[in-house]
A.B. asks: 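Below are the structure tokens for one structure; questions will follow.
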Amino acid sequence: PGIRTVYRTEIFEGTMAAAMPQINDGQVFKATDSAQYERSYLWITEDKCKQMKIRLKGDSRKDLSTLVHAPVSPKEEEIHKQLKAAGVDYKRWASGKFKVMTDELSKGEAALVDVDGKLLRVVDIVVVKVTKETKEVLAEVEEEVGDPGGEVVRTTLNWLPAVKRRPDENMYVAGKRCVNKYLGIDENAVTFDTRSVLIAEEEKESQTFPGLNSLYRKRIITANIVTDESNVTI
């Protein structure tokens with residue numbers, strides 16, 4: 001208890017090349033290892049796996065990198081001092097926003113940097129321009145926040161899908177994460193155009209953290225939907 005642990009799990013997909021008499025659909029079969037530990041197995045559908053909360057794909061709610069050391073949460077006292085010294089009244093922020101900031105700092109999605117005596121929140125963003133043969137572009141037009149059974153707040157967005165790039169990612173890895181996790185499109189259903197990368201920087205006050213100027217370093221990459229859209233789940 002009290003020790004934070006990162007479990008690195010690799011999930012490999014395998015297909016049986018030949019039928020095995022001891023493995024029949026709908027029937028439990030058992031296997032015993034060299035330590036005499038007996039395990040029971042059963043064929044089940046993917047839908048049943050979801051119901052039983054059996055993970056079939058890799059994911060991480062906290063987006064912890066398996067390539068770098070587990071991030072250490074920054075000390076709140078130090079962040080308080082930085083914000084106060086910069087004249088940022090973080091107590092005016094909406095409830096929970098300070099926790100949002102500490103989370104993104106701990107994951108490496110943003111950094112607080114002193115530039116010529118001015119505190120900046122620096123964020124590397126990968127914007128994904130998803131297109132298909134008809135030359136149409138996939139735009140994020142609206143978001144819904146709230147309980148589906150209760151009050152839902154809808155906000156008009158009208159921008160391209162984007163994700164904050166982490167230190168362990170290059171722009172294409174971040175782009176794949178955006179496509180797969182946030183758009184619900186299998187990463188194998190798109191190809192990235194490495195010849196059309198655009199770079200832009202924008203400095204403005206953060207809407208999420210009022211009073212704090214943010215420098216957004218944007219990389220805009222193009223992802224083309226492949227002709228076979230069987231992997232597209234949206």
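Bear in mind the structure is a predicted one, so any value in this text is a computation, not a measurement. Below, each value reflects all heavy atoms present in this structure, side chains not excepted, and no hydrogens, waters or symmetry copies.
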A.B. asks: Hey, is D193 close enough to R195 for a salt bridge, meaning N to O under 4.0 Å?
C.D. replies: yes

A.B. asks: Answer whether the closest heavy-atom distance between the side chains of I44 and C49 falls below 4.5 Å.
C.D. replies: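 In contact.
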
A.B. asks: Below 4.5 Å, heavy atoms only, C-beta onward: do T155 and V145 meet side chain to side chain?
C.D. replies: no

A.B. asks: Does Y216 belong to the same Ile/Leu/Val/Met/Phe/Trp/Tyr cluster as V163, with side-chain heavy atoms less than 4.5 Å apart forming each link?
C.D. replies: no

A.B. asks: Heavy atoms only: give me the nearest S206-S214 pair and the separation to one decimal.
C.D. replies: CB-OG, 3.4 Å

A.B. asks: Evaluate the side-chain contact (heavy atoms from CB on, under 4.5 Å) criterion for residues E142 and L157: first the C-alpha distance (whole Å), next the side-chain angles of each, then the deciding distance (0.1 Å), finally the verdict.
C.D. replies: CA-CA 5 Å; E142 185 181 78; L157 301 178; 5.7 Å; no

A.B. asks: Where do G211 and V88 come nearest, in terms of heavy atoms and distance?
C.D. replies: O-CG2, 3.5 Å

A.B. asks: So Y182 and E140, side-chain contact (heavy atoms from CB on, under 4.5 Å) or not? Walk me through it.
C.D. replies: CA-CA 11 Å; Y182 296 103; E140 188 174 358; over 6 Å; no

A.B. asks: Does this structure show an ion pair linking K118 with E203, if we count only N-O contacts that are shorter than 4.0 Å?
C.D. replies: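 Counted as a salt bridge, because a side-chain N and a carboxylate O are separated by less than 4.0 Å.
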
A.B. asks: Report the distance from atom CD of E201 to atom CD1 of I125, rounding to the nearest 0.5 Å.
C.D. replies: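 Between atom CD of E201 and atom CD1 of I125 there are 11.5 Å.
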
A.B. asks: Side chains of K218 and I199: closer than 4.5 Å at any heavy-atom pair?
C.D. replies: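 No; the side chains remain at least 4.5 Å from each other.
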
A.B. asks: Who pairs with D33 by salt bridge (charged side-chain N to carboxylate O under 4.0 Å, His left out), at least two apart in sequence or on another chain?
C.D. replies: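 Residues passing salt bridge (charged side-chain N to carboxylate O under 4.0 Å, His left out) with D33: R39.
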
A.B. asks: Kindly compute the distance separating NZ (K84) from CG (D89), expressed to the nearest 0.5 Å.
C.D. replies: 9.5 Å

A.B. asks: Given 3.5 Å as the limit, does a donor-acceptor pair link the side chain of W93 with the main chain of T208, or not?
C.D. replies: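 Checking the backbone N and O of T208 against the side chain of W93, no donor-acceptor pair under 3.5 Å is found.
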
A.B. asks: At what distance, to the nearest 0.5 angstrom, does CZ of R217 lie from CD of E202?
C.D. replies: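 Here the interatomic distance stands at 14.0 Å.
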
A.B. asks: Return the CG to NZ distance between L198 and K129, rounded to the nearest 0.5 Å.
C.D. replies: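 Spacing of CG (L198) from NZ (K129) equals 8.0 Å.
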
A.B. asks: Among residues at least two apart in sequence or on other chains, which ones pass ring pair (Phe, Tyr, Trp, His ring centres under 6.0 Å) with Y90?
C.D. replies: H80, F98

A.B. asks: State, with a plain yes or no, whether a side-chain heavy atom of I79 is found less than 4.5 Å away from one of L105.
C.D. replies: yes

A.B. asks: Could you walk me through whether E205 and L212 pass the side-chain contact (heavy atoms from CB on, under 4.5 Å) test, one step at a time?
C.D. replies: CA-CA 6 Å; E205 182 177 335; L212 179 61; over 6 Å; no

A.B. asks: Of all heavy-atom pairs between N180 and E187, which one has the smallest distance, and what is that distance?
C.D. replies: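 Distance-wise, the nearest heavy atoms are ND2-N, 3.9 Å.
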
A.B. asks: Check whether any side-chain heavy atom of V141 lies under 4.5 Å from a side-chain heavy atom of T156, and answer yes or no.
C.D. replies: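 In short, these two side chains do not touch, never coming nearer than 4.5 Å.
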
A.B. asks: Could you measure the distance from the OG1 atom of T134 to the CD1 atom of I225? Nearest 0.5 Å is fine.
C.D. replies: 10.5 Å

A.B. asks: Are the side chains of V226 and T191 in contact, using a 4.5 Å heavy-atom criterion?
C.D. replies: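 A side-chain contact exists here, since the closest heavy-atom pair is under 4.5 Å.
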
A.B. asks: Taking all non-hydrogen atoms of both residues into account, name the closest pair between K97 and F209 and its distance.
C.D. replies: O-CE2, 3.2 Å

A.B. asks: Does I220 belong to the same Ile/Leu/Val/Met/Phe/Trp/Tyr cluster as V123, with side-chain heavy atoms less than 4.5 Å apart forming each link?
C.D. replies: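 I220 clusters together with V123.
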
A.B. asks: Less than 4.0 Å between a side-chain N and a carboxylate O, is that true for R166 and E169?
C.D. replies: yes

A.B. asks: Could you tell me whether D103 and K99 make a salt bridge, using a distance below 4.0 angstrom between a side-chain N and a carboxylate O?
C.D. replies: yes

A.B. asks: Measure the spacing between OG of S40 and CD of E38 and express it to the nearest 0.5 Å.
C.D. replies: 5.5 Å

A.B. asks: Decide yes or no on side-chain contact (heavy atoms from CB on, under 4.5 Å) for I185 and V190, but give the supporting numbers first.
C.D. replies: CA-CA 8 Å; I185 301 176; V190 300; 4.2 Å; yes

A.B. asks: Evaluate the side-chain proximity of E46 to L56: yes if any heavy-atom separation is below 4.5 Å, no if none is.
C.D. replies: yes

A.B. asks: Evaluate the side-chain proximity of V197 to Y172: yes if any heavy-atom separation is below 4.5 Å, no if none is.
C.D. replies: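 In short, these two side chains touch, coming nearer than 4.5 Å.
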
A.B. asks: Salt-bridged, E109 to R165, with N to O below 4.0 Å?
C.D. replies: no

A.B. asks: When clusters are formed by joining ILVMFWY residues with side-chain heavy atoms under 4.5 Å apart, either directly or through shared neighbours, do V130 and V127 land in the same one?
C.D. replies: no

A.B. asks: Could you walk me through whether R121 and E104 pass the salt bridge (Lys or Arg N to Asp or Glu O under 4.0 Å) test, one step at a time?
C.D. replies: CA-CA 11 Å; R121 169 178 165 262; E104 72 172 11; 2.7 Å; yes

